[in-house]
Amino acid sequence: MKKVLFATTALIATAGMAAAEVSMSGYGRFGLDYNSANERVVGRSKTNITSRLRLQFDMTAETDAGVAFNARYRAQAESRDGVAGTGAFNGARFGVSYNGVTVNVGNIIGAVENAPGLYATGTRSAGTGIDGMGFHQIAIKTNGGTVFNWDAYSSAGAGSNGIEVLYSAGGFTGHVSYSQRNGGTVAGSAGGEDRTGVMATYSFGDYYVTAAMQSSSVPLNDITFAAAGGNFGAFGAKLAYGSTDQVDSFTLEGNMDIGAASNVLVWVNSADAPGSVSTVKGDGGVDGTSFGINYQYDLGGGATVVAGYVDEADDDNQFQAGVYFSF
Amino acid sequence: MKKVLFATTALIATAGMAAAEVSMSGYGRFGLDYNSANERVVGRSKTNITSRLRLQFDMTAETDAGVAFNARYRAQAESRDGVAGTGAFNGARFGVSYNGVTVNVGNIIGAVENAPGLYATGTRSAGTGIDGMGFHQIAIKTNGGTVFNWDAYSSAGAGSNGIEVLYSAGGFTGHVSYSQRNGGTVAGSAGGEDRTGVMATYSFGDYYVTAAMQSSSVPLNDITFAAAGGNFGAFGAKLAYGSTDQVDSFTLEGNMDIGAASNVLVWVNSADAPGSVSTVKGDGGVDGTSFGINYQYDLGGGATVVAGYVDEADDDNQFQAGVYFSF
Amino acid sequence: MKKVLFATTALIATAGMAAAEVSMSGYGRFGLDYNSANERVVGRSKTNITSRLRLQFDMTAETDAGVAFNARYRAQAESRDGVAGTGAFNGARFGVSYNGVTVNVGNIIGAVENAPGLYATGTRSAGTGIDGMGFHQIAIKTNGGTVFNWDAYSSAGAGSNGIEVLYSAGGFTGHVSYSQRNGGTVAGSAGGEDRTGVMATYSFGDYYVTAAMQSSSVPLNDITFAAAGGNFGAFGAKLAYGSTDQVDSFTLEGNMDIGAASNVLVWVNSADAPGSVSTVKGDGGVDGTSFGINYQYDLGGGATVVAGYVDEADDDNQFQAGVYFSF
């Protein structure tokens, strides 16, 4: 799987002291989205523009002793299902790093969210197609599907307002995150749902294994996740397992480079969801098999052509094609 | 007419591949606005501050084969009629260009909006005075005045969520745009108003001719527009014609450089609007003659002094004076 | 008191004319906030995260004759008392400067706000601790406490939409500001509250004296303020006096550098507020004595460790500790 990394730095203060700077980066993506689910929405076309512009500001400062501070701030505008939106800044994440240990507060990454193997490997959307197409390949599901019931960096909202610690050494990364909803307090004794996430991953050569879990005061949001994957020359493969109180599911994923610039990724998810069996096409049932395919062609210069197809467990299907460009 | 162009580029990634970058630009403007219409608004002074700060982000990326991607994103804050506002990002426009052909999606320019001769020639506001003063010089009118009933890039909202194609070769530019409101779908079979715009312009030496039209599913928004103009040494002149179901109007405009840094522009609009005859001062009637004058003095460094006066068809009048600076 | 100044410049246009540019700067701060007042809020922890990310855009342009234009625009995201927010741009301030005279319009600084000695001397929060902790050290109070009833630059809102003139020559700075609320008109004859502020300050060597006042159409917002302060080697001291219709108060402040990187600041405020005598802990009474202490340690590179403690006149107390980093 090819990687395209862009980091464009706006500002460097070089006044004889450690550097403090703001960098801007992001991506634009746009394309066509066919979604059979839209045939059941009055007045909505089945084919729409899907687009997003993401503009990200990363701030850094480093003390004389080498302690690194950072913050991340984003604004993005999207169009989906025929409705275009405007942009606003999200909540900020603040971080401090030293000797492989990072502590973040605010709009944290989240331990489960950070697990390698959770999202599709190396696709521009981190899912299928232009906008992820509902991220049906993620193995963590409830009867409502993949509902992102774990702490994760929010691009459009304030986020979890939590605290997390990450540690990396050699091939090992450990990650513990904590947040409390409806108040997001540190002490944890008051207010709404609290979530504790733990993730550990080890990579050796071209392979990795990962385990993650989330313990929540809301039982439905207790999560277990495990994944293993690797690259074998031009081929890559991944097996992921996710479990909640309602659904156990496996995702098998494979990808292959074709020539110098193309990559095809195929995934199949099998979900055991006794409480969410589909009886009518498009009823949102999760039980059964879903699959998808993602094709990417690297145009160089940060631009990529992307096409994707997804067949959902309830027989709805989607197709998307368009372009990404990084800046 | 003098032009002041500023393009300030924040970021250039030079990692042995084609460039991807973010550039910031914009302008600040502020001054005093006298508007006789405000005498009919309880609690509002006739003279107010008018101001705007526009901060624009332009993102670009170019593939190895020379295909150029871009996106445009804006945030601006305004004060008008004594009410100051805050800022937010608008909807994004995404574009791809190759060999003179450009395709944009999202917050598109719009074919009619892009017609040379639609706005005042070379004034900092694209109209009269600091903030355009209602843009009474635009020849496209309905009984409500100039109501901007064509697709155009929105600086404060999500925009048209449309698609457009532009083609330029030699002195020729052609432009076709399409959008659908209340859903903005591509297929065009569902939802609200859809608009198709076409514009063609040809420039030869210092002269140009333009024709543009918009066909809408809402009859009032069917538009015909034509213009011709040119420069004759220190003098410039333009004749524009606009027609809707309700109003036919002509605008005649002339401008003259005075010395090295000044320019004066004068325009007269004659509107035939049988359904909008003014009977009382300030009733918003469109039928008849309006005129305006705009004076600019280039201070250098991107700064300009601007003053304007407008006499409307219903005998309301406005005066503005202030400054612009680009960055 | 040590100063850490960071100015990071994004963009410089050098096309043979005077410079126009956009610079980005700001700070991130985060830490823990203990506030005894939160024990009276159901479902809120007494200890919470307090954080802010400020991203500031400063635009400048300079005419050929040396007249400088500028604008300031901010977006920031905060978390306080367990509630995290997102960000948006504020209202803009526009300025023009020449030969020591500056005229600003829009989201103005405000004459009283600009008085040296109003805020805590040299602390990162301009108050105590990470987020100012309610700014109880400010000598201008009403029966409701320090309610910021003077014109000041608003980081999150549209601001005063006023006009101000500043003049500096030698050690002297004079500042006159004017705004009108609920309409913010220039003429001043219509609409809501209008405020006129005047400030004069003179610095000689390491010492300064300041006087400021605000005259408002709302009697409660008439303000008198005076301060004097200075540095004596590693020591600094300040005495400030503030008066409104309801409260007269004095603030005495001292600070001391400790070693090469630390500074401790202590303040005591004595308020004579006959209409706001505290009878029960935490009832918000202003009459009496409040005090606070702020400790800072400069980590270099724009980063600072900050801790603060405040004891309020009504016996509520607060403690905060965390970090700041500038960029």
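Chain naming here is simple, since letters A, B, ... match the order of the sequence lines and numbering starts at 1 in each. Keep in mind the model is a prediction, meaning the values are calculated, not measured.
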Distance-only donor-acceptor check, side chains B/Asn161 and A/Ser79, under 3.5 Å: yes
Do B/Phe89 and A/Phe89 have their ring centres less than 6.0 Å from each other? yes
Which heavy-atom pair separates [X] from [Y] by the least distance, and what is that distance?
X        : Y       : result
A/Gly28  : B/Phe94 : CA-CE2, 3.9 Å
B/Ala92  : A/Ala77 : N-CB, 4.1 Å
B/Ala71  : A/Leu53 : CB-CD1, 3.6 Å
B/Ala158 : A/Ala84 : CB-O, 3.5 Å

Per-residue contact mode, B/Phe57 against chain A (heavy atom under 4.5 angstrom):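 The side chain, not the backbone.
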Heavy-atom proximity to chain A below 4.5 Å, by part of B/Asn70: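 Contact with chain A involves the backbone of B/Asn70 alone.
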First locate atom [atom1] of [X], then atom [atom2] of [Y], and finally report the distance between them rounded to the nearest 0.5 Å.
X       : Y        : atom1 : atom2 : value
A/Met24 : B/Met59  : CE    : CE    : 7.5 Å
A/Ile49 : B/Gln180 : CD1   : CD    : 10.5 Å
B/Asp64 : A/Asp298 : CG    : CG    : 7.5 Å

More than 12 heavy atoms from other groups under 6.0 Å of OH on B/Tyr167: no
Could you tell me whether A/Tyr297 atom OH has more than 12 heavy atoms of other residues or ligands within 6.0 Å of it? no
Donor-acceptor under 3.5 Å (B/Tyr73 side chain, A/Arg54 main chain):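 Judged by distance alone, no pair lies under 3.5 Å.
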Tell me, side chain or backbone of A/Val323 under 4.5 Å from chain B's heavy atoms, or both, or neither? side chain
Start with the C-alpha gap between B/Thr63 and A/Phe325, add the side-chain angles, then the distance that decides, and say whether side chain to side chain contact (heavy atoms under 4.5 Å, CB included) holds. CA-CA 9 Å; B/Thr63 73; A/Phe325 63 100; over 6 Å; no
